[in-house]
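See structure below.
Please read these numbers as outputs of a predicted model, since none were measured by experiment. By convention in this document, chain letters (A, B, ...) are assigned in the order of the sequence lines, proteins followed by strands, and residues within each chain are numbered from 1.
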Amino acid sequence: MLDIKLIRADPELVRAGCAKKRIKCDVDRILELDDEFRGLAPQIDELRASQKLAGKAIAKASPEERAKLLEEQKQLKTGLKELEERMGAVQAELKPLLLTVPNLPAAEVPDGLDDSDNVELRKWGTPRLFDFEPLDHVDLGERQGWMNTEVAARLGGSRNYITLGELARLEHAVLRFAMDLMIERGFDPAFVPVLVRREPLEGTGYFPGGIDQIYMTDERDELYLVGTAEVPLTSIHAGEILSEEQLPVQLVAQSSCFRREAGTYGKDTRGLYRVHQFQKVEQVVIDVADEARSLEHHAAILKNAEDLLQAFELPYRVVNVCGGDLGAPQVQKFDVETWMPSREGYGETHSASRFHDFQARRLSIRYRDKEGKVHYCHTLNNTVAASSRLLIALMENHQLPDGRVAVPSALRPHMGGLEVIGKPIREVTAAEAAEVEA
RNA sequence: GGAGAGGUGGCAGAGUGGCCGAAUGCGCUAGAUUGCUAAUCUGGUGAUCCCUCACGGGAUCCGGGGGUUCGAAUCCCCCCCUCUCCGCCA
């Protein structure tokens, strides 16, 4: 949510932000309603003030006077009620409209329509040149007996997966590595609900815009399955006024993530890339309202993700996400895309966002500074490890000619020391065998 | 699922129709004071919105929403949450 004062003071800035994000938003109507609000508020305040004074007079008045005063107040009350009803209508329209106003993109956000306009900032590692025909993760996984998409679909519909045996172990190892890394870097580990009420989703900015992507339970409970632990983690301090000494709050949690993937029919249907449920470790930062501090955090949470990929020996690139590909709540977002041989390209595995005070306003997360003044916090978050997509990269990039998969040394401690997983499932030439030895 | 008790400021906790945005204690903070640490005394100390260049003024907020009333933390209705006991359960 943007500060209404900002919209009032500089509507052009807001319109420009909407345009850059390709988001439609009725700024004019908001200004109209705000204008009406500001006309009504002082009138109502004044009437209530006189009502209060009259009330005190009535309490002290003699019986004769009292009857007269009561009559006067009854008259006043009708007028007040009318104004209050109009005020109610104005607010009922204004509030949902304000929730649709997107956050303003930073100047550094490139202009553009969709992810093809994202700007590459840097690359790390070199995509491997295979001197054999590599298998994609689905072939590899099913032939090793590690994955069964057919059974997964029978149990939970399409876009589901089951990992088994060593691959399941690898999935655990990835998640565990991610948690350990973040704890080492000073983040507090947490377990959080994945079934939440409307407020955390509205507060983090997923509602109303992203409602189609969210699973919800029926009217008996009216609960929603989160698409990321960001939602409950960021909402932990909702409604609080933190003291400045408590900041920054740095949290990390692993959770199941649920996504409806509405409108993606026929897209990425094969394998683990786009699934309805996966495991993810997410990092969240809540800190003071300071642009420079926010930028530092943004760089740091991005580095956490990059360090993980480097430890996994996976080539990746970082892109500066353009306006049209940016979500409504973000000020700026860097995506990390990891090399996936079967896609012959980089696929998004991480998304590092900063929000300014957008989420904090909606969630009412505030802090008291050293002078005792209250401000809204800044929030940020980034993926640490989305297990399903990392499994694609790990299997495909580290596969051996015989169909086994090498385990990066960073993951071996969580794999009982295994250096390679799987059994030979393909014929190899003598030259290839020699290469595997090396 | 059944029965009961509750939800008040940063925290604890009083307040059952007007004198209550709210006692008191703790915390925080400024000052005074005493070799230091500490203690003691005195004062200050909620948020949001509106008007104002400002000084200042006004309104709203006692879990949320609605109602009764000239007037609601206080009375009524609905909802949410927490705790205790019983039942069930990983």
Side-chain angles (χ1 to χ4, degrees), chain A residues 1-9 30-99 191-203 216-224 232 235-247 249 255-256 286 288-289 357 360-377:
Chain A
M1 181 148 54
L2 287 181
D3 191 347
I4 181 74
K5 288 176 190 157
L6 175 69
I7 304 176
R8 200 185 287 153
I30 287 171
L31 291 175
E32 268 174 42
L33 289 166
D34 179 52
D35 209 50
E36 196 173 352
F37 172 86
R38 299 214 298 158
L40 289 169
Q43 292 182 52
I44 291 176
D45 281 3
E46 203 180 311
L47 279 175
R48 282 195 185 139
S50 78
Q51 190 178 54
K52 267 189 161 177
L53 284 174
K56 280 176 188 166
I58 288 168
K60 289 179 201 145
S62 65
E64 315 82 76
E65 278 176 334
R66 178 176 292 229
K68 206 180 93 195
L69 287 168
L70 280 179
E71 197 47 47
E72 276 173 34
Q73 282 314 301
K74 277 190 178 160
Q75 304 291 320
L76 252 174
K77 200 188 173 188
T78 346
L80 180 59
K81 204 162 188 179
E82 252 172 58
L83 286 176
E84 280 176 334
E85 269 163 25
R86 268 177 65 201
M87 180 63 123
V90 166
Q91 283 178 316
E93 190 182 346
L94 185 58
K95 203 186 159 198
L97 265 181
L98 275 174
L99 284 177
F191 277 108
V192 288
V194 292
L195 198 55
V196 301
R197 299 164 174 280
R198 201 193 77 252
E199 289 85 351
L201 285 157
E202 197 170 276
M216 71 182 276
T217 63
D218 66 26
E219 63 286 349
R220 285 175 304 172
D221 302 301
E222 282 179 48
L223 292 168
Y224 303 85
S235 303
I236 283 178
H237 293 290
E240 291 184 33
I241 300 178
L242 302 159
S243 69
E244 196 169 335
E245 294 80 65
Q246 287 175 268
L247 298 171
V249 170
S255 81
S256 293
I286 302 171
V288 296
D357 61 7
R361 266 178 199 284
R362 291 176 165 233
L363 288 166
S364 192
I365 309 171
R366 293 171 292 175
Y367 70 98
R368 206 181 296 278
D369 69 17
K370 292 183 183 83
E371 281 84 53
K373 289 190 76 178
V374 174
H375 310 272
Y376 286 104
C377 293

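With a cut-off of 3.5 Å on both Watson-Crick or G-U wobble distances, the partner of U68(B) is given as none. In this structure A3(B) sits in a base pair with U84(B), meeting the Watson-Crick or G-U test at under 3.5 Å. Across all strands shown, A23(B) remains unpaired; no Watson-Crick or G-U wobble contact has both distances below 3.5 Å. A 3.5 Å limit on both hydrogen-bonding distances identifies C28(B) as the Watson-Crick or G-U partner of G44(B). Pairing for U34(B) is absent, with no Watson-Crick or G-U wobble pair whose two atom distances lie under 3.5 Å.
Rounded to whole Å, the distance from CD on Gln91(A) to P on C50(B) is 11 Å. Spacing between atom CD1 of Ile241(A) and atom C1' of G46(B) amounts to 7 Å, rounded to whole angstrom units. Rounded to an integer number of Å, the gap from NZ of Lys95(A) to P of C49(B) is 14 Å. Distance CZ (Arg368(A)) to P (G9(B)): 13 Å, rounded to an integer number of Å. Rounded to whole Å, atom C1' of U69(B) lies 13 Å from atom CG of Leu80(A). Rounded to whole Å, the distance from OH on Tyr376(A) to P on A47(B) is 12 Å. Taking atom CG of Leu69(A) as the reference point, atom C1' of U69(B) lies 16 Å away to the nearest angstrom. Atom C1' of nucleotide C81(B) and atom CZ of Arg197(A) are separated by 7 Å, given to the nearest angstrom.
Contact annotation: Gln51(A) side-chain N/O to G71(B) OP1/OP2 distance is under 4.0 Å. Put simply, Lys56(A) has no side-chain N or O that comes within less than 4.0 Å of OP1 or OP2 on G18(B).
The separation of C83(B) from G31(B), taken at their P atoms, amounts to 43 Å, rounded to a whole angstrom. Annotation: C49(B) and G21(B) have their C1' atoms spaced 16 Å apart (nearest Å). Across G9(B) and G44(B), the matching C1' atoms stand 16 Å from one another, rounded to whole Å. Taking atom P in both C26(B) and A39(B), the straight-line distance is 12 Å, to the nearest Å. Rounded to a whole angstrom, the distance from the C1' atom of C81(B) to that of C89(B) is 22 Å. Across the C1' atoms, A12(B) and A22(B) are found 15 Å apart, a figure rounded to whole Å. A gap of 26 Å separates the P atoms of C11(B) and A59(B), to the nearest Å. Here, U16(B) and A38(B) have their P atoms 41 Å apart, quoted to the whole Å.
Contact check of residues 36-43 of chain A against RNA chain B (heavy atom, cut-off under 4.0 Å) returns Phe37(A), Arg38(A), Pro42(A).
Put simply, the side chain of Lys74(A) does not reach to within 4.5 Å of the side chain of Leu70(A), judged on heavy atoms. Counting heavy atoms from C-beta outward, Leu76(A) and Leu80(A) have side chains that stay 4.5 Å or more apart. Counting only heavy atoms from C-beta outward, the side chains of Met87(A) and Phe37(A) approach each other to under 4.5 Å. Residues Leu2(A) and Leu98(A) are not in side-chain contact: their nearest non-hydrogen atoms beyond the backbone lie 4.5 Å or more apart.
Across all strands, Lys5(A) comes closer than 4.0 Å only to sugar-phosphate atoms, never to a base (heavy-atom distances). Here Arg361(A) lies out of heavy-atom contact (under 4.0 Å) with every strand. Ala49(A) comes within 4.0 angstrom of sugar-phosphate atoms only, judged by non-hydrogen atoms across all strands, and of no base.
Candidate nucleotides U68(B), A59(B), C80(B) were compared by shortest atom distance to the side chain of Lys81(A), and U68(B) ranks first. Side-chain proximity of Lys52(A) to G58(B), G71(B), U60(B): nearest is U60(B). Across G18(B), C49(B), A59(B), the shortest atom-to-atom separation from the side chain of Arg48(A) is found for A59(B).
Where Arg366(A) and Lys77(A) each meet RNA chain B at their nearest nucleotide, the meeting point lying more 5' is that of Arg366(A).
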Are Leu83(A) and Leu47(A) close enough, and set up right, to give a side chain to side chain contact (heavy atoms under 4.5 Å, CB included), and what steps lead you there?
CA-CA 10 Å; Leu83(A) 286 176; Leu47(A) 279 175; 3.5 Å; yes

Start with the C-alpha gap between Ile236(A) and Ile365(A), add the side-chain angles, then the distance that decides, and say whether side chain to side chain contact (heavy atoms under 4.5 Å, CB included) holds.
CA-CA 9 Å; Ile236(A) 283 178; Ile365(A) 309 171; over 6 Å; no

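Shown here is Glu32(A), whose CD atom has more than 12 heavy atoms of other residues, nucleotides or ligands within 6.0 Å.
Counting all heavy atoms, side chain and backbone alike, Pro232(A) lies closest to Val192(A) at CG-CG2, 3.6 Å.
For Lys373(A) and Asp369(A), the salt-bridge test fails: no basic side-chain N is under 4.0 Å from an acidic carboxylate O.
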